[in-house]
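What follows is a short report on a single structure.
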Amino acid sequence: MSKRIGLYPGTFDPLTLGHVDIIERAVKLVDELVIGVAINRDKGPLFTLDERTKMVADEMSKIEKKSGVAIRVVPFESLLIHFAQEVKAEIIVRGLRAVSDFEYEFQMVGMNQALNDDIETVFLMADARYQAIASRLVKEIARLGGDVKNFVPVAVEKALRAKFAKS
Ligand code: ADP
């Protein structure tokens, strides 16, 4: 039997406990998970693509060990659906928070289905403790000197502190 590959794409600027929770759920659905780190120039990311890719990869060994599912963290710059085809993903995993995510995700799925109807998008919800976490707000809090330890992994908290200490 061929193995089922899932793709979880995002900007991960930075990785939050919300993302981690979604990844822990996604590995239950697939034999291999590719985490696609988008370059996302439009969003003007705080961390470089290399920093974000490493930040995500560093957190994955624990989840790999616990789940037995191989996780690959791969930066990408191409169209999402092309990248999904390239890594042979059958499913794209997205996280859903509040209603505010819905409109954007609804459009994305519609467009992606038109481009390739064989790849299904699956939506997962994080545990209630993590649902309100957004990378954008984490950056804002960290920039203003607030405590983000309940929102991000320890290494990310350190990286945020280092980033804002410089600026
Ligand atoms: P993008 O730029 O693709 O929205 P993000 O890194 O912001 O990238 O998010 C990647 C995915 O993770 C998206 O599907 C987003 O909705 C989801 N996500 C982010 N934070 C959470 C959270 N706290 N709970 C559930 N899903 C989340």
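In listed order, ligands and their atoms are each counted from 1.
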[X] to ligand 1: N or O pair under 3.5 Å?
X	result
Y130	yes
S135	no
L124	no
Y104	no

Hey, does the side chain of [X] reach the backbone of [Y] with a donor-acceptor pair shorter than 3.5 angstrom?
X	Y	answer
D13	L46	yes
Q131	R97	no
R52	A38	yes

I want to check something: taking the side chain as every heavy atom from C-beta on, are [X] and [Y] in contact at a cut-off of under 4.5 Å?
X	Y	result
P45	E51	no
M60	I35	yes
K139	V148	no
I71	I63	yes
L160	F47	yes
Q85	H82	yes
V74	F83	yes

How far is [atom] from its nearest protein heavy atom, and which residue and atom is that?
atom	value
atom 7 (O) of ligand 1	K43 NZ, 3.9 Å
atom 11 (C) of ligand 1	Y8 OH, 3.4 Å
atom 9 (O) of ligand 1	H19 NE2, 3.5 Å
atom 16 (O) of ligand 1	G95 O, 2.7 Å
atom 8 (O) of ligand 1	T11 N, 3.0 Å
atom 3 (O) of ligand 1	R94 NH1, 3.0 Å
atom 21 (C) of ligand 1	R97 CD, 3.5 Å

What part of [X] sits under 4.0 Å from ligand 1 if we count only heavy atoms: the side chain, the backbone, both or neither?
X	result
P9	backbone
D21	neither
N40	side chain

So if I count the atoms of ligand 1 from 1 in the order they appear, which ones are less than 4.0 Å from some heavy atom of [X]?
X	result
F12	6 (O)
I133	20 (N), 21 (C), 22 (C), 23 (N)
A126	24 (N), 25 (C)
G18	22 (C), 23 (N)
G10	3 (O), 6 (O), 8 (O), 10 (C)
D101	16 (O)
I22	25 (C), 26 (N)
E105	14 (O)

Salt bridge (Lys or Arg N to Asp or Glu O under 4.0 Å) contacts touching residues 68-84 (sequence neighbours left out): E32-R72, R41-E77
Please test D21 against R25 for salt bridge (Lys or Arg N to Asp or Glu O under 4.0 Å), starting from the C-alpha separation and ending with a verdict. CA-CA 6 Å; D21 188 278; R25 290 169 197 279; 2.6 Å; yes
Could you list the donor-acceptor pairs under 3.5 angstrom formed between side-chain atoms of residues 113-125 and any protein atom two or more places apart in sequence or on another chain?
{"unit_1": "N116", "atom_1": "OD1", "unit_2": "D118", "atom_2": "N", "d": "2.8"}

